[in-house]
Amino acid sequence: MSRPKIPTTAAFVSQKGGVGKSALARLLAIGAIHRGRKTLLADFDLDQLTCVEWGALRMRASLEPEVDARAFKSLKRLRKDNGVVDFIVADTRGMADDLSTEIAEDSDVVFLPTGVSQDDLRPTLNLARKLARRGAEGRLVMVLSKVGRSESQFGRAVETIEEAGFELLSEHWPQRDGFQSDLDGGRAGREARNPYLREIAERMEEALWSRTMKAKPRV
Ligand SMILES: Nc1ncnc2c1ncn2[C@@H]1O[C@H](COP(=O)(O)OP(=O)(O)O)[C@@H](O)[C@H]1O
Ligand SMILES: [Mg+2]
């Protein structure tokens, strides 16, 4: 009998809260569902349950597709009862505690959303270095998130990440009120009601997806 295939797993981790982990996790989950993947959106932030609540909100509003968003306490539990999924998006809590670190170590790709300020970049880069030391090197991808309108700030952030030697996702996630109200209404990513925001979200979805597909399978 062949061993069951481990589902491809993309994790979102950060040191800080409010950087867009849950927003991007939901965006990628929706993208994976539209690509025909049996997707599990695994919510490890048991205090906030952002993804679980959002999944329930979608159901109440009869939004399609249905998203399988469930809460998990540990990775072991997830590996045991993930059912018949073939793609997992892991949303973690801020602070990158032991659980987040463990999830990062056991994922095919680890996205680290971060703001563009040095205050945001410093802890994110420290977390990236810590994860790299623990063997996640080559699977760590920084994502500039909730980016404001200042091009010089953005440029400095890109430079800082390059100088630190970490990979940066080709797309960034701009700060827009519309994204927030879409999330509050049970939508994410490509479901944006504003066509301009939809286009931005679709580009982000494609960038996250293709980077995840590029990940080398774990042995
Ligand atoms: N691109 C964006 N523009 C504006 N608001 C955003 C954007 N992405 C996320 N948000 C909002 O910012 C807040 C924090 O985002 P969230 O994804 O929950 O962060 P985290 O999971 O890292 O704590 C939420 O209220 C969310 O709706
Ligand atoms: Mg969150």
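We number each residue from 1, following the sequence as shown. Only a predicted model underlies this, so the values are computations on that prediction, with no experimental measurement involved. Counting starts at 1 for both ligands and their atoms, in listed order.
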(request) Return yes if a side-chain donor-acceptor contact under 3.5 Å exists between Ser181 and Asp184, otherwise no. (result)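 Side chains of Ser181 and Asp184: no pair found under 3.5 Å.
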
(message) Side chains of Thr124 and Thr114: any donor to acceptor distance under 3.5 Å?
(response)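 A donor-acceptor contact under 3.5 Å links the two side chains.
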
For [atom], what is the closest protein heavy atom, and at what distance to 0.1 Å?
| atom | result |
| --- | --- |
| atom 2 (C) of ligand 1 | Pro174 O, 3.7 Å |
| atom 3 (N) of ligand 1 | Arg176 N, 2.9 Å |
| atom 26 (C) of ligand 1 | Leu183 CD1, 4.0 Å |
| atom 19 (O) of ligand 1 | Gly20 N, 3.0 Å |

(request) Report the part of Trp173 (side chain from C-beta onward, or backbone N, CA, C, O) that has a heavy atom under 4.0 Å from ligand 1; answer both or neither where that applies. (result)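 It is the side chain that gets close, since no backbone atom is under 4.0 Å.
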
Salt bridge or not for [X] and [Y], using N-O below 4.0 Å?
| X | Y | answer |
| --- | --- | --- |
| Glu191 | Arg58 | yes |
| Asp43 | Arg70 | no |
| Arg211 | Glu167 | yes |
| Arg122 | Asp120 | no |
| Glu205 | Arg35 | yes |

(message) Looking at every non-hydrogen atom in both residues, tell me the closest pair between Arg139 and Gly135 and how far apart they are.
(response)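 That would be NH2-O, 3.2 Å.
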
(message) For Thr92 versus Ser100, what's the shortest heavy-atom pair and its separation?
(response)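 Between these two residues, the closest heavy atoms are CB-OG, 3.6 Å.
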
Need the ligand 1 atom indices (1-based, order shown) with element for anything under 4.0 Å from a heavy-atom of [X].
| X | answer |
| --- | --- |
| Val19 | 19 (O), 20 (P), 22 (O) |
| Lys21 | 17 (O), 19 (O), 20 (P), 21 (O), 22 (O), 23 (O) |
| Ala23 | 8 (N), 9 (C), 17 (O) |

(message) I'd like to know whether NZ of Lys38 has more than 12 heavy-atom contacts from other residues, nucleotides or ligands below 6.0 angstrom.
(response)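 No.
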
(message) More than 12 heavy atoms of other residues, nucleotides or ligands under 6.0 Å from CD of Gln175: yes or no?
(response)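 Counting neighbours around CD of Gln175, more than 12 heavy atoms of other residues, nucleotides or ligands fall under 6.0 Å, so yes.
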
Sequence neighbours left out, cut at 3.5 Å: what donor-acceptor pairs do the side chains of residues 149-159 make with other protein atoms?
from: Ser150; atom 1: OG; to: Ser152; atom 2: OG; distance (Å): 3.3
from: Ser150; atom 1: OG; to: Gln153; atom 2: N; distance (Å): 3.0

(request) Only heavy atoms count here, so choose which of Gly178, Ser181, Ser22 is nearest to atom 21 (O) of ligand 1. (result)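 It is Ser22 that holds the nearest heavy atom.
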
N or O contact, [X] vs ligand 1, cut-off under 3.5 Å:
| X | result |
| --- | --- |
| Asp177 | no |
| Gly17 | no |
| Lys146 | yes |
| Arg26 | no |
| Thr50 | no |

(request) State whether any protein heavy atom lies less than 4.0 Å from atom 24 (C) of ligand 1. (result)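 Under 4.0 Å from atom 24 (C) of ligand 1, zero protein heavy atoms found.
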
(message) For the Mg ion (ligand 2), what is the number of protein N, O or S atoms at a distance under 2.8 Å?
(response)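 Near the Mg ion (ligand 2), the number of protein N, O or S atoms below 2.8 Å is 1.
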
(message) Can you confirm if the aromatic rings of Trp173 and Phe111 lie within a centre distance of less than 6.0 Å?
(response)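 So the answer is no for these two rings.
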
